[in-house]
Amino acid sequence: MQLLQGKVAIITGASFGLGKAIALKLAPEGAKLALVARTETELQKLKKETTQLGATCQYYLCDIRDAIAVEITVAKILKDFGTIDILINNAGVYYEEPTATMTVERIDAQFATNTLGTVYMTKYVLPTLTRRNSGQILNVVSIAGVETNGEWGIYAATKHAVTGFTESLRKELTKTKIKVMAIYPEGMNTNIFHTAGYHQYSPHEPWMMNPDDVADIVVFMLKRPDDISMGHVDIRKIES
């Protein structure tokens with residue numbers, strides 16, 4: 001088992017939902033947390049919670065759609081912590097409507113956050129991992145990254161792109177000791193739907209998973225021995 005004590009972990013989209021759940025699960029493991037998001041009030045609350053759980057924690061306001069902002073933020077994290085061991089690309093946005101009626105702004109927002117944000121964070125973290133020839137990159141994709149649906153075609157396109165990037169990156173780094181992993185969860189009980197304005201979903205739909213349960217799986221993956229990598233993990237709800 002790989003210990004996470006003292007490991008520096010970046011979590012994007014950390015202020016809500018799965019990102020927050022992952023932070024709260026990593027804190028008791030002794031990881032040092034670099035929380036990245038755009039909502040300062042929620043980051044402040046989460047920093048307090050994780051610190052109470054014994055973690056060393058800093059938060060960083062960053063719009064991952066902005067490559068320059070990402071480069072600056074990663075530099076700040078390196079200055080504050082000295083290194084980076086784990087990158088969890090979790091931030092994402094979702095819109096559900098036909099292609100013909102979806103606004104260009106919503107299309108751009110999904111590709112900018114879901115796809116380019118993941119690529120930008122990876123690009124600027126990777127030199128540190130490569131220099132040390134160690135570390136872990138875990139992309140939170142979505143079941144939409146391997147399946148399609150007529151109701152969320154653009155979202156699926158952004159996530160399929162992340163799947164392609166993840167699989168290609170794994171091959172790119174095959175001769176290194178850097179792990180590249182991804183999870184593909186179905187819907188979770190988070191604020192992603194309400195943030196997008198879809199209030200028809202109740203907080204506990206039968207198909208929604210508890211983000212705490214998914215966060216447990218993330219921590220399990222990160223704790224595998226150095227020579228074990230769980231590259232592609234689908235996570236689905238069994239409806240009763």
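Numbers here are sequence positions counted from 1.
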List, one per line, each side-chain donor-acceptor pair under 3.5 Å for residues 67-84, sequence neighbours excluded.
from  : atom 1 : to    : atom 2 : distance (Å)
Thr73 : OG1    : Ala69 : O      : 2.8
Asp80 : OD2    : Tyr60 : OH     : 2.7

Which donor-acceptor pairs under 3.5 Å do side chains of residues 119-126 form with protein atoms, sequence neighbours excluded?
from   : atom 1 : to     : atom 2 : distance (Å)
Thr122 : OG1    : Asn89  : ND2    : 3.2
Thr122 : OG1    : Thr118 : O      : 2.8

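In this view, Thr99 and Ile154 satisfy the side-chain contact (heavy atoms from CB on, under 4.5 Å) rule, not counting sequence neighbours. Qualifying side-chain hydrogen bond (donor to acceptor under 3.5 Å, both in side chains) partners for Asp234, counting only residues two or more places apart in sequence or in other chains: His232. The side-chain contact (heavy atoms from CB on, under 4.5 Å) test applied to Thr41 returns Thr39, not counting sequence neighbours. For Ala55, the side-chain contact (heavy atoms from CB on, under 4.5 Å) partners at least two apart in sequence or on another chain are Ala27, Leu33, Thr50. Partners of Thr166 under the side-chain hydrogen bond (donor to acceptor under 3.5 Å, both in side chains) rule, at least two apart in sequence or in another chain, are Asn139. Judged as a side-chain hydrogen bond (donor to acceptor under 3.5 Å, both in side chains), and not counting sequence neighbours, Glu172 has no contacts. Considering only residues two or more places apart in sequence or on other chains, Asp63 meets the salt bridge (charged side-chain N to carboxylate O under 4.0 Å, His left out) condition with Arg65. Residues satisfying the side-chain contact (heavy atoms from CB on, under 4.5 Å) test with Thr51, not counting sequence neighbours, are Lys47, Cys57.
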Candidate pair Leu222 and Ile88, rule side chain to side chain contact (heavy atoms under 4.5 Å, CB included), full reasoning: CA-CA 10 Å; Leu222 295 174; Ile88 301 172; 4.0 Å; yes
Trace of the side chain to side chain contact (heavy atoms under 4.5 Å, CB included) decision for Ile143 with Arg236: CA-CA 8 Å; Ile143 204 67; Arg236 301 174 186 268; 3.2 Å; yes
Side chain to side chain contact (heavy atoms under 4.5 Å, CB included) evaluation trace for Glu42 with Lys45: CA-CA 5 Å; Glu42 295 302 321; Lys45 293 177 186 176; 3.4 Å; yes
Side chain to side chain contact (heavy atoms under 4.5 Å, CB included) evaluation trace for Ser142 with Tyr155: CA-CA 10 Å; Ser142 166; Tyr155 179 75; 3.6 Å; yes
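Taking each heavy atom of Val180 and Ser229 in turn, the nearest pair found is O-OG, 4.1 Å. Residue Ala9 comes nearest to Leu26 through the heavy atom pair CB-CD1, 4.2 Å, listed as atom of the first residue, atom of the second, then distance. Nearest approach of Trp152 to Tyr95, heavy atoms of both residues: CB-O, 4.4 Å. When all heavy atoms are compared, the tightest approach of Ala23 to Leu35 is CB-CD2, 3.9 Å. Residues Ala112 and Leu116 approach most closely at O-CB, 3.5 Å, considering heavy atoms. Taking every heavy atom of both residues into account, Leu18 and Ile183 meet most closely at CD2-CD1, 4.3 Å.
Using a distance-only test at 3.5 Å, with no hydrogens or angles considered, a donor-acceptor pair links the side chain of Arg170 to the main chain of Gly231. No donor-acceptor pair under 3.5 Å is formed between the side chain of Asn133 and the backbone N or O of Thr176. Distance alone, capped at 3.5 Å, is enough to place a donor-acceptor pair between the Asn90 side chain and the Gly13 backbone. Listed for the Thr115 side chain is a donor-acceptor partner under 3.5 Å among the backbone atoms of Thr158.
One hydrophobic cluster holds both Leu4 and Val218 under the rule that ILVMFWY side chains link at heavy-atom gaps under 4.5 Å. No single ILVMFWY cluster, assembled from side-chain heavy atoms under 4.5 Å apart, contains both Phe220 and Ile228. Grouping the Ile, Leu, Val, Met, Phe, Trp and Tyr side chains by contacts below 4.5 angstrom, directly or via other members, places Leu24 with Leu43. Cluster membership check: Val140 does not share its hydrophobic cluster with Ile10, using side-chain heavy-atom separations under 4.5 Å among Ile, Leu, Val, Met, Phe, Trp and Tyr. A chain of hydrophobic side-chain contacts below 4.5 Å, direct or via other Ile, Leu, Val, Met, Phe, Trp or Tyr residues, connects Val36 to Leu129.
Between Glu96 and Asn149 the shortest side-chain heavy-atom distance does not fall below 4.5 Å. Taking 4.5 Å as the limit, every side-chain heavy atom of Lys7 sits out of range of all side-chain heavy atoms of Gln136. The shortest side-chain heavy-atom distance between Met209 and Glu186 falls under the 4.5 Å cut-off.
The distance from atom CG of Leu46 to atom CD1 of Ile11, rounded to the nearest 0.5 Å, is 7.5 Å. Between Ile178 atom CD1 and Leu173 atom CG the span is 5.0 Å, to the nearest 0.5 Å.
For residues 9-38, the set of pairs meeting the salt bridge (Lys or Arg N to Asp or Glu O under 4.0 Å) definition, not counting sequence neighbours, comprises Lys20-Glu49, Lys25-Asp216, Glu29-Lys223. Residue pairs meeting the salt bridge (Lys or Arg N to Asp or Glu O under 4.0 Å) criterion with at least one member in residues 154-166: none, sequence neighbours excluded.
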